[in-house]
Amino acid sequence: EAVCNLPNGVGIVKLMGRSAGYIAAHATMASSDVDLCLVPEVPVVLEGPNGCLPHLRRRVKHQGYAVVVVAEGAGEEVLGTSAETDASGNKKLPPIGEFMKK
């Protein structure tokens with residue numbers, strides 16, 4: 001998707017994984033196209049030498065696009081947690097996909 005998108009595009013794929021990034025990690029390992037995988041078990045670092053944003057900038061500069069896989073529970077340390085629950089009683093997760101698009 002990112003390859004067909006606009007030049008310097010970043011494709012974001014949000015997968016299931018409220019508290020575990022098992023599906024996102026295995027999807028990443030199964031694909032040679034993924035440049036970054038965010039899972040709930042590893043804190044998201046945005047800036048700095050090992051941050052997500054500098055890494056994505058380097059990938060886009062090098063190959064013209066980047067693909068990011070995000071587990072739905074990733075990023076609580078950046079976006080905060082919610083006390084709200086959904087209809088099933090599960091804690092509402094931060095909108096990590098929407099955040100990454102910005």
Side-chain angles (χ1 to χ4, degrees):
E1 177 182 316
V3 177
C4 300
N5 229 340
L6 296 173
N8 300 324
V10 177
I12 300 171
V13 180
K14 183 178 166 187
L15 298 176
M16 296 185 319
R18 296 186 66 79
S19 57
Y22 180 83
I23 294 171
H26 280 264
T28 297
M29 290 187 294
S31 171
S32 61
D33 295 326
V34 178
D35 299 300
L36 178 65
C37 179
L38 303 177
V39 295
E41 295 90 341
V42 180
V44 174
V45 177
L46 295 177
E47 297 293 343
N50 295 321
C52 296
L53 298 178
H55 174 69
L56 289 174
R57 286 185 198 108
R58 288 189 301 270
R59 296 308 305 152
V60 169
K61 184 177 180 180
H62 176 73
Q63 65 188 16
Y65 66 92
V67 177
V68 181
V69 170
V70 183
E72 64 183 346
E76 283 190 331
E77 63 283 340
V78 174
L79 299 174
T81 58
S82 174
E84 296 179 46
T85 58
D86 62 15
S88 300
N90 296 316
K91 179 179 68 167
K92 285 192 175 180
L93 298 171
I96 188 69
E98 295 296 317
F99 176 77
M100 291 301 292
K101 284 199 299 190
K102 294 176 185 178

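No experiment lies behind these values; they were computed from the predicted model shown.
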Review point. Going through the checks in order, is the side chain to side chain contact (heavy atoms under 4.5 Å, CB included) test met by Ile12 and Val70?
Key: CA-CA 7 Å; Ile12 300 171; Val70 183; 4.0 Å; yes
Review point. What about Val45 and Leu36, same hydrophobic cluster or not, with Ile/Leu/Val/Met/Phe/Trp/Tyr joined at side-chain heavy-atom distances under 4.5 Å?
Key: no
**Study point:** Nearest heavy-atom neighbours spanning Met16 and Glu72
**Key:** CA-OE2, 4.0 Å
Exercise for review: Might you point out which heavy atoms bring Ser19 and Pro40 nearest each other, and give the distance in Å?
Suggested key: C-CG, 3.9 Å
Exercise for review: State, to 0.1 Å, how close Leu38 and Cys52 come at their nearest heavy-atom pair, and which atoms those are.
Suggested key: CD2-SG, 3.7 Å
Review point. Between OG1 of Thr28 and CD1 of Ile23, what distance do you get to the nearest 0.5 Å?
Key: 11.5 Å
Review point. Is there a chain of hydrophobic side chains (I, L, V, M, F, W, Y, each step under 4.5 Å between heavy atoms) that links Val69 to Tyr22?
Key: yes
Review point. Which heavy atom in Val67 sits nearest to a heavy atom in Asp33, and how many Å separate them?
Key: CB-O, 3.4 Å
Practice item. Take His55 and Arg59 through the side chain to side chain contact (heavy atoms under 4.5 Å, CB included) test and state the conclusion after the steps. Key: CA-CA 6 Å; His55 174 69; Arg59 296 308 305 152; 3.7 Å; yes
Point to revise | Nearest non-hydrogen partners of Val39 and Ala24, listed with the distance | key: CG1-CB, 4.2 Å
Check your understanding: Going hydrophobic residue to hydrophobic residue with side-chain gaps under 4.5 angstrom, can you get from Val34 over to Val42?
Key -> no
Revision key, fill the gap. Smallest heavy-atom separation, Pro54 atom then Gly48 atom, equals CG-O, 3.2 Å
Review point. Roughly how far apart are Leu15 CG and His26 NE2, rounded to 0.5 Å?
Key: 12.5 Å
